[in-house]
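This is the structure I have questions about; it appears just below.
Lettering of chains follows the sequences in order, A, B, ..., and the numbering in each one begins at 1. Nothing here was measured: the structure is a model prediction, and the numbers come from that model.
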Number of protein chains: 2
Amino acid sequence: MTASKGHESAVALAVDPVGAVDAGLGHLLREGHRALARSLQAQIATHGVSMGQWFFLRALWDEDGLTQRELSQRVGMMEPTTVTAINSMEHRGFVRRMRNPHDRRKVNIFLTPKGRALKDVLLPCAVEVARIAVQGVQPPDLVKAAQVLRQMLGNLEGQMATTLGTAAGHDEID
Amino acid sequence: MTASKGHESAVALAVDPVGAVDAGLGHLLREGHRALARSLQAQIATHGVSMGQWFFLRALWDEDGLTQRELSQRVGMMEPTTVTAINSMEHRGFVRRMRNPHDRRKVNIFLTPKGRALKDVLLPCAVEVARIAVQGVQPPDLVKAAQVLRQMLGNLEGQMATTLGTAAGHDEID
DNA sequence: ATACAGCCATTAGGCTTCTAAGTATTATTC
DNA sequence: GAATAATACTTAGAAGCCTAATGGCTGTAT
């Protein structure tokens, strides 16, 4: 309906913001995310760490000894994903599983010295990638961009919540 | 460390842009992308189309009859990924493979009427998702955000290119 | 104390993407 | 025109993420 054709152009953004997000910002978000992930991956892979492990290590550097469920929530991934990641990290000697003695359902994850030591190596990698990424961008613009993204994130999460609350498969969009 | 703790706040961005990108913009980019993808996925899944197919359909609506390699380049994915996607789309009757008579190495992909018809159903879904995503965002801010993302994308791609040219595994970042 | 319900971790299986290796066709070179 | 190189698609196998179903432990109510 409101979509005015499919021709993409930088100009279109100023002319038709809504259509352009679909054609432009969405694409940009996707590509930007992939580029950032690829760059970081290239850096940390040098030290034997995969992206799948990176997020969990970050969470543990901040809060060691989390349970797997807590870890999942911090990182924003489902629990089976966490299990897989922990498995590989345990296998590589970055973390140790410890059954919680007070509640034997829980498993707390603790960094090994090796896992903790990675922080001083990996964090600078991330900072370096970030530095490169934002070269030539004015800090105020960076703030603006972050605000926009935060707003969009909120909008979409709100939408998902309400959609799930009502019927999950209707489409009276027209 | 430059990163001022793990507590995230909008303020930190203004104070320490570089560290904040790592902790903030990177995370935001990742979450934003995932939220957008999830929302769109929920919409188009209603019509039997997966995200894996969506990108290729978009490219074909714009340019029907592309070869698989061209399609891969348009969409930004590797060729084996394209093969898989085309397989499933062909199986569902959205596209048809046609060996190119002039160069029998090539395979041109053509939309079926069914695949072409999806455009009128799916594009509005994307527009709707985009509309929801940018609610409450001022168009100028949207433009700024897109510019920032574009700049970052360029920075990262440039970096990847030069890194590949030089040595691929040193880390004197400190 | 026993049964029922809820919480936590795991397993099973699918989807999407990637890299690396293989096959078929066309172009180039001697 | 036969050997070699380049091009286009395909197959094989791995990583990361997801949903759904399973198994163990805990807490509560009968």
Side-chain angles (χ1 to χ4, degrees), chain A residues 30-31 33-42 44-45 48-57 65-92 95-109 160 164 168, chain B residues 30-31 33-42 44-45 48-57 65-92 95-109 160 164 168:
Chain A
R30 175 180 146 82
E31 289 308 309
H33 169 245
R34 297 211 320 179
L36 201 61
R38 253 197 276 267
S39 290
L40 184 55
Q41 182 171 38
I44 66 180
V49 176
S50 71
M51 281 300 281
Q53 304 171 344
W54 161 255
F55 301 108
F56 293 97
L57 284 174
L66 291 169
T67 67
Q68 294 192 192
R69 173 154 303 183
E70 288 166 340
L71 211 38
S72 303
Q73 291 165 341
R74 298 284 191 292
V75 171
M77 278 171 189
M78 295 296 103
E79 288 166 45
T81 303
T82 304
V83 171
T84 309
I86 298 295
N87 282 346
S88 70
M89 289 197 288
E90 189 175 32
H91 187 255
R92 295 200 174 210
V95 299
R96 244 181 22 252
R97 271 188 170 89
M98 284 194 54
R99 202 109 222 166
N100 187 316
H102 302 303
D103 186 340
R104 295 174 34 81
R105 287 171 300 186
K106 300 181 180 177
V107 175
N108 294 96
I109 311 297
M160 286 302 274
L164 291 178
Chain B
R30 175 181 147 81
E31 289 308 309
H33 168 246
R34 298 211 319 177
L36 201 62
R38 252 197 278 269
S39 289
L40 183 56
Q41 182 171 37
I44 66 180
V49 177
S50 71
M51 281 301 280
Q53 304 171 345
W54 162 255
F55 302 107
F56 293 96
L57 284 174
L66 291 169
T67 68
Q68 295 191 192
R69 174 155 301 180
E70 288 165 341
L71 211 37
S72 303
Q73 290 166 341
R74 297 285 191 291
V75 171
M77 279 171 189
M78 295 296 102
E79 288 166 43
T81 304
T82 304
V83 170
T84 309
I86 298 295
N87 282 346
S88 69
M89 289 198 289
E90 189 176 32
H91 187 255
R92 295 200 176 211
V95 299
R96 245 182 20 252
R97 271 188 169 90
M98 283 193 55
R99 202 108 224 169
N100 188 316
H102 301 303
D103 185 340
R104 295 173 36 82
R105 290 172 298 186
K106 299 183 182 177
V107 176
N108 294 96
I109 310 298
M160 286 301 275
L164 289 179

Proximal nucleotide (of C:dC18, D:dC9, C:dA9) relative to the B:Met77 side chain: C:dC18
Sugar-phosphate only, base, or nothing, as touched by B:Thr82 at under 4.0 Å among non-hydrogen atoms: nothing
Distance, rounded to the nearest Å, where B:Arg69 contributes CZ and C:dT25 contributes P: 16 Å
B:Asn108 side chain to B:Gly65 backbone, donor-acceptor under 3.5 Å: yes
Atom-to-atom span, CD1 of B:Ile109 to C1' of D:dT10 - whole angstrom: 13 Å
Atom pair distance, as rounded to whole Å: CG in B:Asn108 and C1' in D:dT7: 15 Å
Spacing of B:Gln68 atom CD relative to D:dT10 atom C1', expressed in whole Å: 9 Å
Intermediate values then yes/no, side-chain hydrogen bond (donor to acceptor under 3.5 Å, both in side chains), B:Ser50 and B:Gln41: CA-CA 7 Å; B:Ser50 71; B:Gln41 182 171 37; over 6 Å; no
Nucleotide nearest A:Arg34 (side chain, heavy atoms from C-beta), chosen from D:dG16, C:dT17, D:dC9: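 Closest nucleotide to the A:Arg34 side chain: C:dT17.
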Strand-adjacent residues in residues 96-107 of chain A, judged by heavy atoms under 4.0 Å from DNA chain C: A:Arg97, A:Arg105, A:Lys106, A:Val107
Side chain to side chain contact (heavy atoms under 4.5 Å, CB included) between A:Arg96 and A:Glu90, worked out: CA-CA 6 Å; A:Arg96 244 181 22 252; A:Glu90 189 175 32; 5.5 Å; no
Option among B:His33, B:Arg30, B:Glu31 that satisfies the side-chain hydrogen bond (donor to acceptor under 3.5 Å, both in side chains) test with A:His33: B:His33
Among D:dG16, C:dT17, D:dA12, the nucleotide that comes nearest once only the side chain of B:Thr81 is considered: C:dT17
Residue A:Val83, side-chain atoms from C-beta onward, closest of C:dA20, C:dT17, C:dT10: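 When the side chain of A:Val83 is considered, C:dT10 is the closest of C:dA20, C:dT17, C:dT10.
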5′-ward residue of the pair A:Met78/B:Glu79 relative to DNA chain D: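 Whichever sits nearer the 5' end wins; that is B:Glu79.
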Length of the line joining A:Leu71:CG and C:dC8:C1', which is rounded to integer Å: 14 Å
side-chain N/O A:Ser50 vs D:dG16 OP1/OP2, d < 4.0 Å: yes
Side-chain heavy-atom pair B:Arg97, B:Gln68 within 4.5 angstrom cut-off: yes
Between C:dC8 (P) and A:Ile86 (CD1): distance, integer Å: 16 Å
Whole-Å distance separating the CG atom of A:Asn87 from the C1' atom of D:dC17: 15 Å
Cation-aromatic face contact A:Arg74/A:Phe56, 6.0 Å, 45 degrees: no
Residue A:Met51 excluded, over 12 heavy atoms near CE under 6.0 Å: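 It does: A:Met51 CE has more than 12 such atoms within range.
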Whole-Å distance separating the CG atom of B:Leu66 from the P atom of D:dC9: 11 Å
Sugar-phosphate only, base, or nothing, as touched by A:Ser88 at under 4.0 Å among non-hydrogen atoms: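 If one applies the 4.0 Å heavy-atom cut-off, A:Ser88 turns out to touch nothing in the nucleic acid.
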First encountered from the 5' end of DNA chain C, between A:Thr67 and A:Arg30: A:Thr67
